Student: 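Structure provided below as structure tokens; questions to follow.
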Amino acid sequence: MLAKLTVACGPMFSGKTEELLRRVRRTFYADLGVQIFTPSTDTRHLDRFVSHAGTDFAALQVPFVPSVIRPDEPFAHRIRSNVDLVALDEAQFFAPSVVDEILHLIHVRKMSVFAAGLDRDYLGRPFGPMPALLAHADEVLKFTAVCARCRQLDAATMTHRINGGAEQIQVGGQADYEPLCRPCWVDATRTAR
Ligand code: ADP
Ligand code: MG
Ligand code: ZN
């Protein structure tokens with residue numbers, strides 16, 4: 001397996017976690033080693049480490065449970081030597097140090113890394129280490145969702161916060177966030193101000 005960095009980005013509900021699970025499953029079928037990490041910021045972790053499509057680890061029937069780590073915690077030393085793919089979900093929550101950790105895994109330990117995360121926050125600002133990860137990526141996947149307002153297929157590139165305050169990080173689900181196309185997001189964000 002060629003060691004490379006793949007970054008999957010896009011708004012909420014665009015299928016980033018679905019794609020992560022798909023790749024994890026295929027790697028497992030190839031008898032390769034996989035380890036998954038999710039930041040403790042995402043309080044939906046472990047039992048709730050599910051994609052919005054409902055695929056969970058029990059459904060995968062593979063012995064993969066994501067390790068929950070602090071967003072600023074070094075994790076390279078926790079990765080076993082027989083691992084070929086390291087998958088990170090909610091990559092936007094990790095500290096900037098995650099970039100060097102990932103590059104170390106790829107360059108020195110010859111592992112592939114798949115990082116899924118929001119490219120922008122609810123105000124449209126580049127989110128956490130995602131800009132740097134996208135710059136370092138060998139493969140970039142930018143997913144879209146159905147716009148929750150105008151229903152245009154694959155038009156939603158933005159995430160709109162329906163409920164909540166002004167903190168950049170507020171973990172929520174379908175009741176708190178909706179994927180919107182840019183015109184709908186501009187409307188929604190303007191009304192909210
Ligand atoms: P992400 O990790 O990007 O937030 P998930 O992989 O968890 O996304 O979920 C993707 C799934 O969310 C889709 O396959 C679909 O079943 C569901 N979904 C809910 N709302 C939408 C929407 N507006 N557009 C597309 N998919 C949606
Ligand atoms: Mg997800
Ligand atoms: Zn729209």
Side-chain angles (χ1 to χ4, degrees), residues 1-12 14-51 55-57 60 62-122 125-143 159 167-171:
M1 190 173 180
L2 182 68
K4 62 171 186 177
L5 173 61
T6 302
V7 177
C9 66
M12 281 181 74
S14 63
K16 303 181 296 296
T17 301
E18 245 171 41
E19 179 64 16
L20 181 147
L21 292 173
R22 191 183 76 89
R23 296 215 176 189
V24 163
R25 203 182 309 126
R26 289 161 62 92
T27 308
F28 177 76
Y29 291 149
D31 283 331
L32 297 168
V34 183
Q35 246 177 290
I36 307 166
F37 292 90
T38 188
S40 52
T41 325
D42 186 0
T43 47
R44 302 168 301 168
H45 54 63
L46 280 183
D47 50 320
R48 297 286 310 281
F49 187 86
V50 294
S51 94
T55 322
D56 62 18
F57 280 84
L60 277 176
V62 291
F64 293 131
V65 174
S67 305
V68 181
I69 51 171
R70 286 199 327 274
D72 58 347
E73 185 182 335
F75 59 96
H77 67 281
R78 294 178 51 169
I79 297 169
R80 297 182 300 269
S81 58
N82 62 346
V83 163
D84 301 283
L85 175 71
V86 176
L88 280 84
D89 205 11
E90 306 292 353
Q92 77 278 356
F93 290 152
F94 285 102
S97 54
V98 76
V99 178
D100 282 342
E101 289 244 41
I102 287 175
L103 292 176
H104 171 83
L105 291 175
I106 297 169
H107 295 161
V108 180
R109 299 186 63 187
K110 315 290 180 205
M111 295 169 175
S112 276
V113 176
F114 183 96
L118 294 166
D119 42 0
R120 293 185 279 248
D121 68 8
Y122 77 108
R125 300 171 298 196
F127 209 153
M130 290 302 287
L133 291 179
L134 285 162
H136 283 294
D138 303 293
E139 181 188 11
V140 171
L141 309 170
K142 191 143 177 161
F143 293 117
T159 305
E167 297 289 309
Q168 185 181 43
I169 298 180
Q170 281 185 18
V171 176

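What you see is a predicted model; the values in this text were computed from it and never measured. No hydrogens, no waters, no symmetry mates; every other heavy atom, side chains included, goes into these values.
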Student: Does Arg23 use its side chain to pair, donor to acceptor, with the backbone of Leu85 at less than 3.5 Å?
Tutor: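 No: the side chain of Arg23 does not pair with the backbone of Leu85.
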Student: Measure the shortest side-chain to side-chain distance between Leu118 and Met12 over non-hydrogen atoms and say whether it is less than 4.5 angstrom.
Tutor: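 Yes, close enough: below the 4.5 Å cut-off.
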Student: Measuring from Ile36:CD1 to Ser67:OG, what's the distance to the nearest 0.5 Å?
Tutor: 8.5 Å
Student: Counting C-beta onward and ignoring hydrogens, is there a side-chain heavy-atom pair between Arg22 and Arg26 closer than 4.5 Å?
Tutor: yes
Student: Taking all non-hydrogen atoms of both residues into account, name the closest pair between Gly10 and Asp119 and its distance.
Tutor: N-OD1, 3.5 Å
Student: Determine the sole option in Thr38, Leu133, Val98 for which the side-chain contact (heavy atoms from CB on, under 4.5 Å) test with Leu88 is passed.
Tutor: Val98
Student: Give a yes or no on whether a salt bridge exists between Lys16 and Glu19, defined as a side-chain N under 4.0 angstrom from a carboxylate O.
Tutor: no
Student: What distance separates Glu101 CD from Glu73 CD, expressed to the nearest 0.5 Å?
Tutor: 9.0 Å
Student: Would you say the side-chain atoms of Arg80 pair up with the backbone N or O of Gly33, donor to acceptor, closer than 3.5 Å?
Tutor: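 Not a single qualifying donor-acceptor pair exists.
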Student: May I ask you to test the Leu141-Phe114 pair for a side-chain heavy-atom distance under 4.5 Å?
Tutor: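 Yes, side chains in contact.
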Student: What's the spacing between Thr17 OG1 and Phe143 CZ if we round to 0.5 Å?
Tutor: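 So the gap between those two atoms works out to 10.0 Å.
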Student: Could you give the distance from CG (Leu5) to NE2 (His107), rounded to the nearest 0.5 Å?
Tutor: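 It is 9.0 Å, given to the nearest 0.5 Å.
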Student: With rounding to the nearest 0.5 angstrom, report the CG to CG distance, Asp84 to Leu2.
Tutor: 12.0 Å
Student: Could you label the plane-to-plane angle of the Phe75 and Phe37 rings as parallel, tilted or perpendicular, counting under 30° as parallel and over 60° as perpendicular?
Tutor: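 Answer is tilted, since the angle falls between 30° and 60°.
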Student: Starting at OH of Tyr122, measure out to CZ of Phe127 and round the result to the nearest 0.5 Å.
Tutor: 10.0 Å
Student: Do you know which two heavy atoms are closest between Lys4 and Ser112, and how far apart they sit?
Tutor: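 Closest approach of Lys4 to Ser112: N-OG, 3.1 Å.
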Student: Atom CZ of residue position Arg78 - does it have more than 12 heavy atoms of other residues, nucleotides or ligands inside 6.0 Å?
Tutor: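 Yes, enclosed.
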Student: Minimum heavy-atom separation for Asp89 and Pro39, please, with both atom names.
Tutor: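 Here Asp89 and Pro39 meet closest at O-CD, 3.2 Å.
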Student: Between His136 and Leu103, does the side-chain contact (heavy atoms from CB on, under 4.5 Å) criterion hold? Intermediate values first, please.
Tutor: CA-CA 8 Å; His136 283 294; Leu103 292 176; 3.7 Å; yes
Student: Please walk me through it: do Gln35 and Met111 pass side-chain contact (heavy atoms from CB on, under 4.5 Å)?
Tutor: CA-CA 11 Å; Gln35 246 177 290; Met111 295 169 175; over 6 Å; no
Student: Would you say that Val171 contacts Phe93 through its side chain, given a criterion of any heavy-atom pair below 4.5 Å between the two side chains?
Tutor: yes
Student: Check whether any side-chain heavy atom of Glu90 lies under 4.5 Å from a side-chain heavy atom of Thr41, and answer yes or no.
Tutor: no
Student: Could you tell me which non-hydrogen atom of Ser14 sits nearest to which non-hydrogen atom of Cys9, and how far apart they are?
Tutor: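 So the minimum-distance heavy-atom pair works out to OG-O, 4.5 Å.
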Student: Using the rule given for side-chain contact (heavy atoms from CB on, under 4.5 Å), can you reason through Asp72 versus Arg70, listing the C-alpha separation, both sets of side-chain angles and the distance that settles it, and then say yes or no?
Tutor: CA-CA 5 Å; Asp72 58 347; Arg70 286 199 327 274; 3.3 Å; yes
